[in-house]
Amino acid sequence: MRFLDLPFARAAHDRAAHRRATPGLLDDLLKEQGTRVLVVRGTRVATVGSRVAFLPPDDVAHLATRALLYLGEADGVSHLGLVLADAEAEPDLDVEWTGLRTLDAPDLEVGLVVEAVALAQWHTVHTHCPLCGTRTEVTQAGWVRHCPADESNHFPRTDPAVIMAITDADDRLLLARGPQWDLGRRSVLAGFVEPGEGLEQAVARETAEEVGVLLDPASIEYRGSQSWPFPASLMLGFRARATTTELTRQEDEIAEADWFTRDEVATAVADGHLGLPGRSSIARSLIEEWFGGPVGA
């Protein structure tokens, strides 16, 4: 079976995790002229034109840093990620700042950026020990936060979420809108996996909770996964066939939900009445897999 070819899931570098515990690794790499550093500001990355700005260490030495990250190796070059501190409002760099959702760059660059943004988001919100409240220290080349008070170590987290293309017996696709979304914007259903729950169970539960539709358990089929570091999700894509079609919305989660034929999707997208998720998302890939190809421009 061929799985979906997903953006953000084509990393072309070696993370070289065995190097993270090397004493003085980051200091040593900052002294090497061949090392390249990408800079993360919130969820945006420094770019020049349409390409990620990989800067020599001397160009970023003056910046206030929340964390420095070892990202790995590619073509014999060591890559670091520099996460700007909150106080760094407008860094003195001749670059543009591009969001990951709109970044149009080769797989190697995107893979490094996804890794860096995900780690940056973790460092931003996990600054203190969850056991005793002491401020933690960044160790293991940016991959561990260590508590100096109780000696505990804390690691980056990823929250699994299922996202699913649900079709009925007539092969219509279920598309819904969240209450916070603009009118006309639709996507497939999604939700976080709960403790003690399998992925297929989460697909069925979320579908039943959000729109009251029951699924054929045998039809639930895995299609691929995609990191979604906004802030720390791993999106696990599925498709499944519904055994019921009456829609009962969970009103605090779903503002609108309807079944769509391919002709209805094509027409609504063409006339501007239907907005689909961006092409960087697994949601768009699931929709276009059902549609049979690209939808719209």
Side-chain angles (χ1 to χ4, degrees), residues 13 15-17 19-74 77-103 105 109-130 132-149 152-158 227 229-232:
H13 65 286
R15 295 190 174 211
R19 299 193 67 190
R20 296 170 189 166
T22 303
L25 174 65
L26 296 178
D27 289 338
D28 290 343
L29 291 178
L30 287 173
K31 297 173 184 176
E32 295 183 6
Q33 293 303 309
T35 297
R36 287 297 174 262
V37 184
L38 66 86
V39 183
V40 176
R41 184 184 182 196
T43 59
R44 296 181 294 166
V45 64
T47 57
V48 176
S50 62
R51 303 296 295 270
V52 176
F54 290 106
L55 304 173
D58 288 349
D59 285 9
V60 299
H62 65 287
L63 298 177
T65 306
R66 174 182 289 277
L68 188 63
L69 318 169
Y70 174 67
L71 302 178
E73 311 288 317
V77 176
S78 296
H79 289 80
L80 304 181
L82 187 151
V83 184
L84 292 181
D86 293 339
E88 193 75 50
E90 187 60 45
D92 182 19
L93 292 173
D94 187 18
V95 298
E96 300 169 340
W97 297 97
T98 303
L100 184 54
R101 289 181 176 90
T102 58
L103 181 65
E109 297 181 17
V110 173
L112 287 162
V113 172
V114 170
E115 180 182 348
V117 169
L119 281 171
Q121 293 294 287
W122 174 64
H123 281 292
T124 298
V125 298
H126 290 82
T127 56
H128 290 74
C129 176
C132 70
T134 301
R135 187 169 186 86
T136 51
E137 302 168 344
V138 180
T139 62
Q140 297 278 319
W143 286 85
V144 174
R145 296 194 71 103
H146 175 76
C147 177
S152 60
N153 289 322
H154 306 278
F155 301 86
R157 62 173 296 158
T158 297
S227 174
F230 305 108

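It should be emphasised that the depicted structure is a prediction, and the values quoted were computed from it without experimental measurement.
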Roughly how far, to the nearest 0.5 Å, is [atom2] of [Y] from [atom1] of [X]?
X      : Y      : atom1 : atom2 : value
Leu103 : Arg44  : CG    : CZ    : 13.0 Å
Thr136 : Asn153 : OG1   : CG    : 10.0 Å
Leu82  : Asp59  : CG    : CG    : 11.5 Å
Leu84  : Leu93  : CG    : CG    : 7.5 Å
Lys31  : Leu26  : NZ    : CG    : 11.5 Å

Flag side-chain contact, heavy atom, 4.5 Å: [X] against [Y]:
X      : Y      : answer
Leu68  : Val138 : no
Pro91  : Val39  : no
Val125 : Pro231 : no
Val40  : Leu119 : no
Gln33  : Asp58  : yes

Could you tell me whether the side chain of [X] and the main chain of [Y] form a donor-acceptor pair under 3.5 Å?
X      : Y      : result
His126 : Arg145 : no
His154 : Cys147 : no
Thr35  : Leu29  : yes

Residue pair Leu100, Val114: steps toward the side chain to side chain contact (heavy atoms under 4.5 Å, CB included) verdict: CA-CA 7 Å; Leu100 184 54; Val114 170; 3.8 Å; yes
